[in-house]
Number of protein chains: 2
Amino acid sequence: MPVKALKSTRSDNRVTAVLDAAARLFAVKGYSATTMRDIAEACDMLPGSLYYHFAAKEDLLVAVYEAGVRQLVDNMRAAIREESDPWARLEAGCAAHLETLLRQSDYAQVLVRVLPADVGHAAARLKALRAEYERSFRDLVGALLLPPGTDRGVLRLMLLGALNWSRFWFAEGGRDTPRSLARKFVHLLRETQHA
Amino acid sequence: MPVKALKSTRSDNRVTAVLDAAARLFAVKGYSATTMRDIAEACDMLPGSLYYHFAAKEDLLVAVYEAGVRQLVDNMRAAIREESDPWARLEAGCAAHLETLLRQSDYAQVLVRVLPADVGHAAARLKALRAEYERSFRDLVGALLLPPGTDRGVLRLMLLGALNWSRFWFAEGGRDTPRSLARKFVHLLRETQHA
DNA sequence: CATAAACAAACAAACGCTCGTTTGTTTATA
DNA sequence: TATAAACAAACGAGCGTTTGTTTGTTTATG
């Protein structure tokens, strides 16, 4: 997923390579445990060369975070556009979230793996990026027909927690796919409506 | 929560102080970002002194993990013992989990914050400790009366994900308590039975 | 009952290494 | 030939850990 659009110098490829390597390592090892030397080695550069593109390690994380949010938002918007029924839209959104998180994107995994508090300085920026994405879910849950008294905030956070935590146990090639998982999650909540 | 029982030399207090400090710092900053010097300072020791009690930083993490699992298991067992209805037992178990995680214990938070993969060598031991705890939930979910075809494994993982993720957004003093949250989580799933 | 040996538990200081980052220089591209 | 993008080498700080020593507190002994 290329990041940029206008003119395409060769350097864009290298920047993307750096970001890809950083995203992968941040997702697997976490932020603190990943060194600039790790990242440099993963994209065949010397450590110092990274600083031509990014002023600091924190800036690299922010860039990865931003790309992750963009991917999640884009994939989810595209998915829910196909559906009109509120429950179907929620399920489609969850499926897109899981597809992105579990199969496609190291970037999205960084959102789940690395906490804003891990970076002293840019924490606020990271929190804002997360909040931006979670707003999409607020809308989806807001559109549901639910028994009066249902706490939609808790429903949203419960679902988001289940989705994000799945990163830590989901096994590619197991009995479930991201789609089937989303279906099950939403069904477990949906029956509420019929009570 | 004191750990020891038999004879009480003064050193037990210091070991506990070290563990408490480590648990707090691991919970807040994560494993890699926490230094032995941080821990030493937090319990008024010099860095080298820690090595009289623990051979390596990893061993400290394992000890904290073990204490965390013990607390979660103990609190949960005590809570579900009071109930007999399967759904009430599940709710009580969730409430105990949340009470421990959100209010009582830095140790329990480490289980959620630090991944087994963060420690190269002791990863297997940490995974086993986590699994030991999650087994309790398997039993609780197994006892539920559910519509045929319900995937109990996914139900369990969904609930566990919601519970654990709550650590990242729960605000002490907000509208919800750990108990009320557990009630809402379980209720959102429970209505399934009535469908 | 005094005292010395033994030990637990800490200090003080440093080890070698790796961290994020900087600086000056070289190499390709346009 | 100007500039973007990399290299090469090093900086100081901080890392986990080790080592040798000191300090109190038990425990055994004359």
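In the text below, chain A, chain B and the rest are named by the order of the sequence lines, each starting its count at 1.
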Query raised in the report: Considering only C/dA9, C/dC11, D/dC7, which nucleotide approaches the side chain of B/Y52 most closely?
Result: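 That would be C/dA9.
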Taking atom [atom2] of [N] as reference, at what distance in whole Å does atom [atom1] of [X] sit?
X      : N      : atom1 : atom2 : value
A/M45  : D/dA5  : CE    : P     : 10 Å
B/D44  : C/dA10 : CG    : C1'   : 13 Å
A/H53  : D/dA6  : NE2   : P     : 4 Å
B/F54  : C/dA10 : CZ    : P     : 11 Å
B/L46  : C/dA10 : CG    : C1'   : 8 Å
A/L50  : D/dA4  : CG    : C1'   : 16 Å
A/D118 : C/dG20 : CG    : P     : 14 Å
A/E41  : D/dC7  : CD    : C1'   : 16 Å

With sequence neighbours left out, what residues match [X] under side chain to side chain contact (heavy atoms under 4.5 Å, CB included)?
X      : answer
B/L157 : A/W169
A/E83  : A/A88, A/R89, A/A92
B/A42  : B/A21, B/L25

Report summary line: Nucleotide by nucleotide, nucleotides 11-23 of chain D touches protein heavy atoms under 4.0 Å in the pattern (B base, S sugar-phosphate only, - none) ----BBBB-----
Pair up each side-chain donor or acceptor in residues 132-144 of chain A with any protein partner under 3.5 Å, not counting sequence neighbours, and list the distances.
{"residue": "A/Y133", "atom": "OH", "partner": "A/H97", "partner atom": "ND1", "Å": "2.4"}
{"residue": "A/S136", "atom": "OG", "partner": "A/Y133", "partner atom": "O", "Å": "3.0"}

Report task. Applying salt bridge (charged side-chain N to carboxylate O under 4.0 Å, His left out), name anything that partners B/K184, two or more places apart in sequence or on another chain. Result ->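 Partners of B/K184 under the salt bridge (charged side-chain N to carboxylate O under 4.0 Å, His left out) test: A/D151, B/D176.
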Query raised in the report: Could you state the interatomic distance from CZ (B/R190) to CZ (B/R183), rounded to the nearest 0.5 Å?
Result: 10.0 Å
Query raised in the report: Would you say D/dA5 has OP1 or OP2 under 4.0 Å from some side-chain N or O of A/R14?
Result: no
